[in-house]
Amino acid sequence: MDIASIVIAILTLTAGIGVFLVACQMMSNNLESVGSRRLKQLFAKTGRNKWVGVGIGLAGTAAIQSSGAVTVMVIGFVNVGIMSLTQAATIIYGSNIGTTVTAQLVALGMFGRNSISTTIIFAAFAGIGAFISMFAKYDKWKQIGGVLTGFGMLFVGLSMMASAMEDFAALPEVRQMLATVRNAVLLVVVGAILTAIIQSSSVMTSIAITMVVSGLVSLDQGIYLTMGSNIGSCVVAMIAGMTSGVNAKRTALLHLIFNVMGVVIFLLLALVLRLVTAGSWGFGSIFEHWFPRAPQLQLAMFHTFFNVCTMLVAMPLTNVLVKTACRLIPDREQYTEGPRLKFLDPSMLSTPVVAVRQLKAEMENMAEIAMSNFSRSIRIVTTLDYTEIEVFREAEKELNFLNKELLRYSVLLSENKLSSFDQRYLSSAIRTASDLERVGDYAENIVEYADSLKEQESAFSKEAVDEILKMEQLVNALYHEVMTAYHKIDSNALQRAEAIEEQIDNFTEEMEQHHILRLTAGTCSPSVGAEYLSLAQNSERVADHFVNVAHSILQLKNANE
């Protein structure tokens, strides 16, 4: 083989890896979009049962074809307190098993190479998916087309890598050089480094499979490279964890400990097996015996076997592993924590579809804070009891913080490829956050009215207080209907909210009329009356802003139908 052929083989390999990586990303993004709601529901089912966590990790990774994405999601959930370290550990175990699905697909695609290979059949899905994406009118069908295109491109990239490996296998110099690399630890290190560079264990495993099939390396060498890829796959999680809180770092460390533990156990088993059989048997020999004349299946099945066995060993040791991670990364010294996002984390930006769902949870949390502060302001102004004033002020700071942070997060999310519905939701979320922040401002106004009453050494009459409390009850009832409409995208709840809003409008007019009667009767002073009228108008505006929140989500539903 001349130099030109070697250069062509290198370029073909590079192109194949590039196509494979793009295909993985395309499949992951579109599968994430298609199944985002179900995926979030799946993660919400994490409980104390460790096997449930394993199943969720396995199903989630198999569904979106990215253990890295699932692990980063888990780190984000742990960082915001939605998930415990123990739950995260079990999901990571399952995620490692789920990532072996890609290797099994690759192995399946390498059968029938002497006739019409499955690679060619599966690669044709790239064209089918492209046609669907081009001509589909609805986002869901475009996403399905994207999944099929990515699936087909996996095998286009695989075919290019296999072709390059066959060219390298024809070079005696390359075969002799690789034949000398027999040290298991060295091969594991090489596999880990290459995976860390590529940032995809699926690609590294697929390269190892093509190398074994072409005869470039032995099955044992491919096995050690694959084991190393499991360690290298932790790089994405480590990067995500380093930018997050203590528990997020612990989660990333758990991922690393789990994979290193599995590699160490299998290296020791391989050593024992060699000593017992005088070097005649290894993992390669065992899998060649179990799956004869199918080298691609031999390595893919070992990959699955390795991850399943590591999970079975780690399951009873989960609490020990969690305690080890906690000791290695201890709690920080206590400090005063300011406002923070409850459901969102910077690492979630790598899984934008899930981040959009978490953004909605933040909006609902912000709405609860706004309503609670409005009720607090009513208690202060009607009783002139300032016991809750510090809590009120902290909540107001949190509302201002959330308004700015959710705006920033929405802008960052909008830079990703999302469905048209999610893009429209991000636009509406900015207005929603502003509406909720305005509720907080009106609550501040009401507390200022309390300050004014206190300075005048005055108070509202009993009749006025009763009316104010009735107004608060109406706003509270409206709030609950609004949040039902927002959470469930329920048009019936919006209609009920609008009916309550009409009651509030009518009651505001009644409050003004009653105020005039009290002024005439002399039971209310003009100065106190001014505060009363402003309070009634502010409460009505609070209701208006809450109804805006419900309208924003229902408008999205109508636009999507």
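Since the model is a prediction, treat every value here as computed from it, not as a measurement.
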Novice: Atom CZ of Arg340 and atom CD of Glu405: how far apart are they, to the nearest 0.5 Å?
Specialist: 12.5 Å

Novice: I'd like to know if the side chain of Gln298 and the backbone of Ser285 have a donor-acceptor N/O pair within less than 3.5 Å.
Specialist: no

Novice: So, for Thr149 and Ser133, which heavy atoms are closest and what is the spacing to 0.1 Å?
Specialist: OG1-OG, 4.5 Å

Novice: A side-chain contact here means heavy atoms from C-beta on lying under 4.5 Å apart; do Asp220 and Leu187 qualify?
Specialist: no

Novice: Using the rule given for salt bridge (charged side-chain N to carboxylate O under 4.0 Å, His left out), can you reason through Lys360 versus Asp422, listing the C-alpha separation, both sets of side-chain angles and the distance that settles it, and then say yes or no?
Specialist: CA-CA 11 Å; Lys360 187 177 178 183; Asp422 283 347; over 6 Å; no

Novice: Which heavy atom of Ala355 sits nearest to which heavy atom of Tyr409, and what is that distance?
Specialist: CB-CE2, 4.3 Å

Novice: Measuring only between side-chain heavy atoms, which start at C-beta, is Met227 closer than 4.5 Å to Phe302?
Specialist: yes

Novice: Are the side chains of Leu299 and Met211 in touch, meaning some heavy atoms are under 4.5 Å apart?
Specialist: no

Novice: Between the side chain of Ser201 and the main-chain N/O of Ser229, is any donor-acceptor distance below 3.5 Å?
Specialist: no

Novice: State whether the side chain of Thr318 and the backbone N or O of Ala314 hold a donor-acceptor pair below 3.5 Å, judged by distance alone.
Specialist: yes

Novice: Is the backbone N or O of Leu344 less than 3.5 Å from a side-chain atom of Glu362, with the two atoms forming a donor-acceptor pair by type?
Specialist: yes

Novice: Does the side chain to side chain contact (heavy atoms under 4.5 Å, CB included) test come out yes or no for Phe306 and Val263, once each step is laid out?
Specialist: CA-CA 9 Å; Phe306 168 81; Val263 169; 3.9 Å; yes

Novice: For Met161 and Thr12, what are the C-alpha separation, side-chain angles and deciding distance, and is it a side chain to side chain contact (heavy atoms under 4.5 Å, CB included)?
Specialist: CA-CA 7 Å; Met161 288 190 289; Thr12 302; over 6 Å; no

Novice: How long is the straight-line distance from CG of Leu253 back to CZ of Phe258, given to the nearest 0.5 Å?
Specialist: 14.0 Å

Novice: Are Leu297 and Phe287 packed together at the side-chain level, in the sense that at least one heavy-atom pair is separated by less than 4.5 angstrom?
Specialist: no

Novice: Would you give the length of the straight line joining atom CE of Met363 to atom CD1 of Ile430, rounded to the nearest 0.5 angstrom?
Specialist: 8.0 Å

Novice: Check whether Thr90 reaches the backbone of Gln87 with its side chain - one donor and one acceptor, N or O, closer than 3.5 Å.
Specialist: yes

Novice: What are the two closest non-hydrogen atoms of Ala103 and His303, and how far apart are they?
Specialist: CB-ND1, 3.8 Å

Novice: So how far is it from Thr205 OG1 to Asn230 CG, rounded to the nearest 0.5 Å?
Specialist: 7.0 Å

Novice: Contact between Pro339 and Leu402 at the side-chain level, heavy atoms closer than 4.5 Å - yes or no?
Specialist: no

Novice: So, the side chain of Thr99 versus the backbone of Asn96: is there a donor-acceptor pair under 3.5 Å, distance only?
Specialist: no

Novice: Write down the atom of Ala184, the atom of Leu267, and the distance for their closest heavy-atom approach.
Specialist: CB-CD2, 3.8 Å

Novice: Is a side-chain N or O of Thr324 found less than 3.5 angstrom from the main chain of Val320, in a donor-acceptor match?
Specialist: yes

Novice: Distance check, rounded to the nearest 0.5 Å: Tyr425 atom OH versus Ile489 atom CD1?
Specialist: 9.0 Å

Novice: Apply side chain to side chain contact (heavy atoms under 4.5 Å, CB included) to residues Leu413 and Gln358 and explain how you reach the verdict.
Specialist: CA-CA 12 Å; Leu413 273 177; Gln358 294 302 105; over 6 Å; no

Novice: Given side chains that start at C-beta, do those of Thr310 and Phe266 come closer than 4.5 Å, heavy atoms only?
Specialist: yes

Novice: Please report the closest heavy-atom contact between Thr210 and Ile207, naming both atoms and the distance.
Specialist: OG1-O, 2.7 Å

Novice: Identify the heavy atoms of Arg182 and Ser218 that sit nearest to each other, and give their distance.
Specialist: NH1-OG, 3.1 Å

Novice: For atom CH2 of Trp141, is the number of surrounding heavy atoms from other residues, nucleotides or ligands below 6.0 Å larger than 12?
Specialist: no

Novice: Taking it one step at a time, do Cys309 and Val313 satisfy side chain to side chain contact (heavy atoms under 4.5 Å, CB included)?
Specialist: CA-CA 6 Å; Cys309 288; Val313 172; 5.6 Å; no

Novice: When rounded to the nearest 0.5 angstrom, what distance separates CD1 in Ile265 from CG in Leu268?
Specialist: 8.0 Å

Novice: Judged by atom type as modelled, is there a donor-acceptor pair below 3.5 Å linking the side chain of Ser95 to the main-chain atoms of Ile91?
Specialist: no

Novice: Considering only heavy atoms from C-beta outward, does the side chain of Arg408 approach that of Leu412 to under 4.5 Å?
Specialist: yes

Novice: Assert yes or no for the condition that the ring centre distance of Phe283 to Phe305 is strictly below 6.0 Å.
Specialist: no

Novice: Please check if the side chain of Ser163 supplies one atom and the backbone of Ser159 the other of a donor-acceptor pair under 3.5 Å.
Specialist: no

Novice: Taking atom CZ as the centre, does Arg327 end up with more than 12 heavy-atom neighbours from other residues, nucleotides or ligands that are less than 6.0 angstrom away?
Specialist: no

Novice: Counting distance only, does the side-chain N/O of Gln221 pair as donor-acceptor with the main-chain N or O of Val181 below 3.5 Å?
Specialist: yes

